[in-house]
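Residue numbers start from 1 in every chain, and the chains themselves are labelled A, B, ... in the order their sequence lines are given, proteins ahead of strands.
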Amino acid sequence: MATQKLKSLAYIGTFGISAFITGTYFERKFSPQHNLKNPQDSPIFSTVFAATAVSPVPSETNVGRISQIMKYGFPGLDNVRSFDNFVLSYDKRNRVAHWVFEHITPECCKPNDQVDRALSEFTPDESIHPFFRSLNSDYYKSGYDRGHLAAAGNHRVTQKMVNQTFLLSNMAPQVGVGFNRDSWNRLERYVRRLTRTFKNVYCCTGPLYLPRKEANGKNYVKYEVIGANHVAVPTHFFKVVVCETKDGQFEMESYVMPNQVISDDTPLTSFMVPPETIERAAGLLFFDNIARSKFSKINHKKN
DNA sequence: TTTGTTGT
């Protein structure tokens with residue numbers, strides 16, 4: 001009896017370890033270092049493993065910039081990838097990011113003759129395993145836009161930075177007219193404009209899949225999936241923004257907008273929700289490294 | 001101003 005139990009334990013153990021090794025092998029096999037077509041446009045370092053010591057960081061990285069962007073904490077640690085000017089956590093199950101994180105400064109947003117958005121192409125992210133990678137064909141004729149999570153307009157420093165925002169790992173299916181091209185864009189422009197007042201703006205953006213009460217009175221999470229890879233269509237999107245004031249205080253604003261046609265005259269303030277609501281719904285913690293007492297304002301109200 | 005799709 002005891003031996004039997006030991007045997008099955010050993011079996012489970014072996015299976016677990018070999019599965020782990022296989023997983024690691026595939027992650028490494030498909031990590032950018034092993035799959036370089038265009039090194040300039042690829043992420044700097046591959047998946048972050050929270051509990052394993054693998055993949056030493058290549059020497060010529062912008063580690064300084066990344067720690068600057070993530071200075072106030074990671075919202076989560078699932079499949080983190082860093083690019084020249086933003087950081088992304090990828091949801092392999094939904095084929096859409098969990099979150100993207102940006103540190104937006106006046107320099108990032110100002111017009112730049114050296115950069116042309118029209119030269120950028122929507123590109124599959126080769127650093128994602130093909131099982132979990134979204135493709136242009138998934139979006140084709142779906143009726144949805146390939147909507148940026150990290151907005152192209154926040155990364156006008158170099159052409160390479162803008163190009164990286166066009167990776168499909170940074171896209172989510174968004175309603176085009178009335179949402180992505182209108183009210184969501186209005187929110188993105190508003191966040192950019194905050195850099196006129198605040199020199200340091202931190203912005204976390206991501207999808208939500210929110211439950212809805214159906215006729216039988218029970219709550220269900222229901223969302224469409226598109227294309228052969230079943231890319232999830234989020235029901236909502238969130239943006240959590242933190243502005244650093246000159247006197248070392250912070251102001252936070254957090255928004256949730258439904259992925260649907262929104263009237264242009266709807267004020268952005270009507271989409272403000274408490275940050276805790278988003279944290280619970282998304283399973284993330286925002287700006288964990290800032291003591292809540294340091295926020296002078298949350299959603300325009302004194303804290 | 002910035003956000004984008006589709007068909008040829």
Side-chain angles (χ1 to χ4, degrees), chain A residues 41 83 85-86 88 95-97 99-100 102-125 134-198 201 203-208 224-239 241 253 255-268 270-271:
Chain A
D41 293 336
F83 300 94
N85 210 33
F86 70 101
L88 175 152
R95 272 72 67 183
V96 173
W99 53 262
V100 303
E102 301 166 275
H103 170 228
I104 311 170
T105 63
E107 295 71 36
C108 295
C109 308
K110 72 178 180 199
N112 181 349
D113 288 345
Q114 307 302 310
V115 173
D116 183 358
R117 178 197 162 101
L119 298 176
S120 303
E121 290 179 345
F122 293 97
T123 309
D125 187 338
S134 63
L135 301 176
N136 284 313
S137 55
D138 295 316
Y139 286 85
Y140 183 65
K141 286 189 172 174
S142 69
Y144 294 98
D145 278 9
R146 295 165 290 191
H148 285 68
L149 292 173
N154 297 346
H155 303 276
R156 291 179 193 158
V157 182
T158 66
Q159 187 66 43
K160 185 183 160 201
M161 285 183 189
V162 183
N163 289 349
Q164 287 177 342
T165 71
F166 277 77
L167 286 168
L168 292 183
S169 52
N170 183 45
M171 299 297 157
Q174 291 185 328
V175 169
V177 175
F179 182 79
N180 181 36
R181 307 174 193 194
D182 297 294
S183 282
W184 182 254
N185 183 27
R186 193 153 48 96
L187 177 58
E188 289 179 333
R189 281 181 288 143
Y190 166 75
V191 173
R192 263 197 290 284
R193 211 163 58 237
L194 288 172
T195 61
R196 294 180 189 181
T197 314
F198 305 96
V201 175
C203 181
C204 184
T205 307
L208 292 170
E224 184 181 352
V225 295
I226 56 170
N229 292 304
H230 289 186
V231 178
V233 181
T235 63
H236 297 71
F237 291 90
F238 69 80
K239 239 180 220 306
V241 185
E253 296 177 19
Y255 300 86
V256 170
M257 288 182 54
N259 190 13
Q260 60 191 43
V261 175
I262 293 167
S263 169
D264 282 339
D265 55 20
T266 315
L268 292 177
S270 67
F271 298 103

query: Across the strands shown, which category fits A/F122 at heavy-atom distances under 4.0 angstrom: base, sugar-phosphate, nothing?
result: sugar-phosphate
query: Looking at side-chain heavy atoms only, is the closest gap between A/M257 and A/I262 below 4.5 Å?
result: yes
query: Which nucleotide span of DNA chain B, 5' end to 3' end, has atoms closer than 4.0 Å to non-hydrogen atoms of chain A?
result: B/dT1 to B/dG7
message: Checking A/F122 now: which residues fulfil ring pair (Phe, Tyr, Trp, His ring centres under 6.0 Å) with it, not counting sequence neighbours?
response: A/F166
- request: Report the residues that fulfil ring pair (Phe, Tyr, Trp, His ring centres under 6.0 Å) with A/F179, sequence neighbours left out, ordered by chain and then residue number.
  value: A/W184, A/F237
- request: Give, ordered by number, those residues of residues 181-192 of chain A having at least one heavy-atom distance below 4.0 Å to an atom of DNA chain B; if nothing qualifies, reply none.
  value: A/R181, A/N185, A/E188, A/R189, A/R192
- line: Across all chains, not counting sequence neighbours, the ring pair (Phe, Tyr, Trp, His ring centres under 6.0 Å) partners of A/H103 are A/Y202
message: Run the side-chain contact (heavy atoms from CB on, under 4.5 Å) test against A/P111 and tell me which residues pass, sequence neighbours left out.
response: A/R156
query: With sequence neighbours left out, which residue pairs that include part of residues 225-235 of chain A fulfil the side-chain hydrogen bond (donor to acceptor under 3.5 Å, both in side chains) condition?
result: A/D138-A/N229
- request: Just call it for A/R146: base, sugar-phosphate, or nothing, with non-hydrogen atoms closer than 4.0 Å on any strand.
  value: sugar-phosphate
task: Report which part of the nucleic acid A/G153 touches: base, sugar-phosphate, or nothing (heavy-atom distance under 4.0 Å, all strands).
output: sugar-phosphate
- line: Applied to residues 173-183 of chain A, the side-chain hydrogen bond (donor to acceptor under 3.5 Å, both in side chains) test, sequence neighbours excluded, yields A/D145-A/N180, A/D145-A/R181, A/S183-A/R186
- prompt: If you pin A/S142 and A/N154 to their nearest nucleotides in DNA chain B, which one's is more 5'?
  reply: A/N154
message: Once you apply a heavy-atom cut-off of 4.0 Å, does A/R156 come out as touching a base, just sugar-phosphate, or nothing?
response: sugar-phosphate
message: If you assign each of A/Y139 and A/C109 to its closest nucleotide in DNA chain B, which residue comes earlier from the 5' end?
response: A/C109
Sequence-distant partners of A/P106, side-chain contact (heavy atoms from CB on, under 4.5 Å), two or more places apart: A/T195, A/K199
